[in-house]
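Structure first, then comments.
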Amino acid sequence: MTTEELEQLLAQQPIALLHRLARGRIQRHFRAGKRRLIEVLLRHSAENRAGFESDLMTLIGEQQARPVPPPQQAPAARKPKPSAPHRRPAHKPVEQDSHEPAITLSSWLEGLGVPPPQTFVPDAWQEDAIAKLRESDVVVSVPTGSGKTYVAVEAARRAIAENRTVIYTSPLKALSNTKYTEFSKIFGPDQVGILTGDRRDNGQAPLLIMTTEILRNLLYDAGGGEIDVRLDTLGLVILDESQYIADPERGVVWEETIIFCPSQARLLLLSASIGNPHDIAEWLTSIRPTPCHLIRHSTRTVPLRAGYLHPNGKLTPLFRTVGIPHGHPGHLHPEAKRLFLQYEDETLPSGRRR
Amino acid sequence: MPPSIHPVDLIIALRDKHLTPAIVFLTSRRACDEAMQAFDHSHILLPPPRQQAIATVLDKVIAQYPSIAEHPLIPTVQRIGVAAHHAGHLPSWKIAVEELMRHGCLDAVFATTTLAAGVDFPARTVIITQSSIRKSRDFMDLTIGEVQQIAGRAGRRGKDLVGFAIVTPSPYIDLHVLTKGFTGHPEAINSQFVISYPMVLNLLKAHPLDQIQPILAKSFAQFQLNQRAEVLERKLDDLRDQMEPFGPRVCTDWITEWQTFDQVRRQKSHRAPVRRYEPPEVSARFHFLTPGRVVGFGRSRGVVLRQYRSKGQKSPMITALRLGGGITESPASTVTEVSDRVLDCVDAPVYPWCTPESVEELLHHLEELPGRLPELPILIPKDDEPIPDAIVQTLGDFACPTCPSRSACQRDYPLASKLRQEQHRHVKSIQALRTSLWHRFQEKIDVLQQFGYLTPTARLTDDGEWARLIRIDHSLLITELLRADAFNGADPAMLAAVMSSIAHDDDRPGAFPRVSSGLGSLLGQVRKLAVSLSPHEDPPLLRADIAAVTERWIGDPMLTWIGLCKSTTMAEGDIYRLLARTLEFLSQLHTLKSTHPGLADTASRAIAALRRGVLEELP
Ligand SMILES: Nc1ncnc2c1ncn2[C@@H]1O[C@H](COP(=O)(O)OP(=O)(O)OP(=O)(O)O)[C@@H](O)[C@H]1O
Ligand SMILES: [Mg+2]
């Protein structure tokens, strides 16, 4: 995209989208008018054009995923298409604009149920991540429950086939144990090992599971000249739940692990949705031998609806729309609003209501 | 009306609308346990085939983890199809509940929000009852990212067409936090880089001192500091443009010249250059407390509206707009945190020193700010030199009074000097942003040199060589204990007990067994050392009652897990975590085989004694 094209594209977007794009990039963007905002955004985009464009496309994609209200109530559960679920899942319920009348409970509940069994088809972003990992480090930032494990498994499978060691780390021992069981089922028990501070089960296996602290310590030892695990054949390091890098107590361990990670090994960072994944990718690009590729999206695979349940058992939608009105926290369902105000009146001492 | 929905009614409502299985996030473990008790006499039983399915899954898990065979929750789980899952439970119990959920056997799980991170534990519906969580002893509003992690558990791929996140109120819930969380974009995350003693030792083991700075520069912390520095550099460019008209005049540096002249003039007339001693950090900070700056005052937060010096004492003061809307005058020294955030405000010459619209806008932005803000690193200069008397004496030497550019200087001075001050401030900030990590690293080097782990040239001493293998919290205390030979003659139980009192960082009270007298006096010694180290490392809680739990477990090999649990009011999940952490600490001592063979041997015997029963079930 040339700068003119980019400028044109920006000019076509609603101001709300521009503000969303400016978040975290430009200070006090909310004070700027559209012209000025485009100007600063363009100036800013020079720093990381690729990241900027990909964020812009994501936002535009989300925007388009929110269609104009259809003439009549759309059937909430259409047949899910097996292909390309990374775009908009076909059964995603349609949202309405706020000036439409608020939806009813029954339309909010409509579409609830179990999808018909399908053969497993990887999402495009999953395939993309696995493919990109051939050439470069990859950061994946997608919503909870999207299927990050699949990327980890397939990447590990390939590295093992190439006789490389794979290390998978998680922040919690409990999660390590779950993955140990899960991966042992997938790869066979002799292919998977687990390391803890005082125990080493099957430490010679090609796929090793450990907490990030244990890996950091191995890397410390390697730095001091004591190679313990076969770091020289290390082909892939997977850091799951890497949003932990922002943990006040333990975050530093993720940074150290990434800084000391041997350059011949690929890094795969799996993270829940965070606000600035492009920063992480850009950082990795700046310190690692190959540029890092960012895979991100914020569309949930299984759409989410929000509701309000009153202590007397009455259930109502939380928002005026079936789906969640992104960017509009104020679009509350009148019934939910009424019930919640009533709740506050009854439970809070008078005058304490916010 | 009750302040929150009764658990039985909740399950009835969820079943009625086909919203099961659900995860019900509650504020505390206690709330989860009470929710389970609420089903004791309830008649909303599962049909027999479903009860049977639960039994089958449980049997399989119990075969692998016998520790949960007698779990008191099993009858309720089987009859009603609900379970509790929180940090007070054993890992094996949590695995059982997760397995039951995976098989779709349960209608609901009552859990605390710790579950939100990572554990593979999805459901059709998530019930949210709170808008804040306890983080390091304080309740904090959930971030957007956290709300989405929690709500995101709803809707299982392949099992649900849609997921439901349902808010049900409990006292003190703030609906706004949740609606913002549902509809917003997750926050940007920030580096939390801290420099620890083991990090310094291990880096210096692998690299000479002159290579350290480039390594620190590779951190995400530095990456983000650089981003902030670049923003300032752009501002600096702007300022340079604005300074254009104020270039050299009759004298090259007319701003300084005029400033000195002006100041000297005043000093002479007032004859009262009383300036009390001011701590250098206060002076350094004062510089940055300019209108719009977001600052912290202990627990509360505010925006600076103006800075000034008090009339009598000339002490540095600020006027600030506080969260909640109050406008206060306070000494600059009460500011505990200078953030790198500056909000826009339009100044005004009189109270409240900015326009009324500004106040409103500032207040709004202040409320919207995230809980944690990056701090502005501020370098503290050695000294802030006053104008030497000699210059004051030589007022006659100034050319200003007769200079042709006098009137221009006089006119432009206020703006030019304000711009230049701003320039200086930015230059200083940039310098601090670029070098703060390195300074923090050097501070740690100083301490390690002082204690003899590093030589004056920052190489590892003999003690440094082994100390770098201790890579856990409170490493300085542990290595100092070893150097003081504190564990000489300690048996495995005593060593493990002390380690667990160092490892345990929870101050939840409870009733516990008593310590042996030997352990009591050893702990006294440890406590003394910890206090003496407190300028360099925060002391651990060192609870004797916690140490006693570990001492008992190791000291009496016949003691069963149930027996241990009965001797204290600690939840079994907490005991498990305590012992698991102790194992981790002991295994680090075990790595000191070559330099501390006796201690390593005691540690390995302690590990062997500790790892039995429940503690053997999982790696
Ligand atoms: N392409 C796909 N098609 C259908 N189902 C999928 C696909 N990819 C993953 N899944 C399923 O989605 C579910 C969630 O996957 P996974 O646990 O990997 O999510 P995650 O992104 O790691 O979530 P979390 O943030 O909770 O860690 C799993 O049951 C998995 O089998
Ligand atoms: Mg996952």
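So that the names make sense, note that chain A is the first sequence line, chain B the second, and so on, each numbered from 1.
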If you count heavy-atom pairs under 4.5 Å between each of [options] and chain B, which one has the most?
{"options": "A/Gly313, A/Pro248, A/Ser146", "answer": "A/Pro248"}
{"options": "A/Ala336, A/Ala272, A/Ala306, A/Gly251", "answer": "A/Ala306"}
{"options": "A/Asp201, A/Ile258, A/Leu109", "answer": "A/Leu109"}

[X] portion near chain A, given a 4.5 angstrom heavy-atom threshold:
{"X": "B/Ala217", "value": "neither"}
{"X": "B/Arg156", "value": "backbone"}
{"X": "B/Leu469", "value": "side chain"}

Could you tell me which of [options] has the largest number of non-hydrogen atom pairs under 4.5 Å with chain A?
{"options": "B/Ser587, B/Gly163, B/Ala206", "answer": "B/Gly163"}
{"options": "B/Gln222, B/Gln192, B/Glu187", "answer": "B/Gln192"}
{"options": "B/Gly158, B/Ala13, B/Gly155, B/Ala165", "answer": "B/Ala165"}
{"options": "B/Ile607, B/Leu175, B/Asp16, B/Thr143", "answer": "B/Leu175"}
{"options": "B/Gly145, B/Ala154, B/Ala580, B/Gly181", "answer": "B/Ala154"}
{"options": "B/Phe182, B/Phe223, B/Phe585", "answer": "B/Phe223"}

Within the structure provided, determine whether [X] and [Y] are in side-chain contact (heavy-atom separation under 4.5 Å).
{"X": "B/Leu618", "Y": "A/Thr196", "value": "no"}
{"X": "B/Glu584", "Y": "A/Glu213", "value": "no"}
{"X": "B/Leu10", "Y": "A/Leu309", "value": "yes"}
{"X": "A/Asn217", "Y": "B/Gln588", "value": "yes"}
{"X": "B/Asp505", "Y": "A/Glu249", "value": "no"}
{"X": "A/Leu304", "Y": "B/Val126", "value": "no"}
{"X": "A/Phe260", "Y": "B/Leu203", "value": "yes"}
{"X": "B/Arg124", "Y": "A/Leu112", "value": "yes"}

In terms of heavy-atom proximity below 4.5 Å to chain B, should [X] be classed as side chain, backbone, both, or neither?
{"X": "A/Ile194", "value": "side chain"}
{"X": "A/Ile274", "value": "both"}
{"X": "A/Asp247", "value": "backbone"}
{"X": "A/Trp254", "value": "neither"}
{"X": "A/Leu339", "value": "neither"}
{"X": "A/Phe319", "value": "side chain"}
{"X": "A/Phe340", "value": "side chain"}
{"X": "A/Arg216", "value": "side chain"}
{"X": "A/Lys173", "value": "side chain"}

*asked:* Does B/His207 have more than 12 heavy atoms from other residues, nucleotides or ligands lying within 6.0 Å of its NE2?
replied: yes
For a quick test of reading the model, state the closest non-hydrogen atom pair linking [X] to [Y] and the distance between them.
{"X": "B/Pro169", "Y": "A/Tyr308", "answer": "CG-OH, 3.3 Å"}
{"X": "B/Gln224", "Y": "A/Asn276", "answer": "NE2-ND2, 3.8 Å"}
{"X": "A/His310", "Y": "B/Ile5", "answer": "O-CD1, 4.0 Å"}
{"X": "B/Ile189", "Y": "A/Ile280", "answer": "CD1-CD1, 4.1 Å"}
{"X": "B/Lys159", "Y": "A/Pro115", "answer": "C-CD, 3.4 Å"}
{"X": "A/Ile287", "Y": "B/Lys218", "answer": "CG2-O, 3.5 Å"}

What's the separation between atom [atom1] in [X] and atom [atom2] in [Y], rounded to the nearest 0.5 Å?
{"X": "B/Asp473", "Y": "A/Arg250", "atom1": "CG", "atom2": "CZ", "value": "10.0 Å"}
{"X": "A/Tyr220", "Y": "B/Met199", "atom1": "OH", "atom2": "CE", "value": "5.0 Å"}
{"X": "B/Phe164", "Y": "A/Leu318", "atom1": "CZ", "atom2": "CG", "value": "13.0 Å"}
{"X": "B/Gln227", "Y": "A/Glu282", "atom1": "CD", "atom2": "CD", "value": "6.5 Å"}
{"X": "B/Glu98", "Y": "A/Asn177", "atom1": "CD", "atom2": "CG", "value": "10.0 Å"}
{"X": "B/Asn190", "Y": "A/Ile245", "atom1": "CG", "atom2": "CD1", "value": "10.5 Å"}

Run the side chain to side chain contact (heavy atoms under 4.5 Å, CB included) check on A/His328 and B/Thr183 step by step: do they pass?
CA-CA 6 Å; A/His328 301 284; B/Thr183 57; 5.7 Å; no
* Asked: B/Arg157 and A/Asp123: side chain to side chain contact (heavy atoms under 4.5 Å, CB included), yes or no, with the steps?
  -> CA-CA 12 Å; B/Arg157 257 197 115 162; A/Asp123 293 349; 3.0 Å; yes
Flag, side chain of A/Glu255 to backbone of B/Phe220, donor-acceptor distance under 3.5 Å: yes
- Query: Is it the case that B/Gln148 and A/Ser273 place a side-chain donor and acceptor less than 3.5 Å from each other?
  - Reply: no
Run the side chain to side chain contact (heavy atoms under 4.5 Å, CB included) check on A/Thr178 and B/Lys94 step by step: do they pass? CA-CA 11 Å; A/Thr178 315; B/Lys94 293 195 262 184; over 6 Å; no
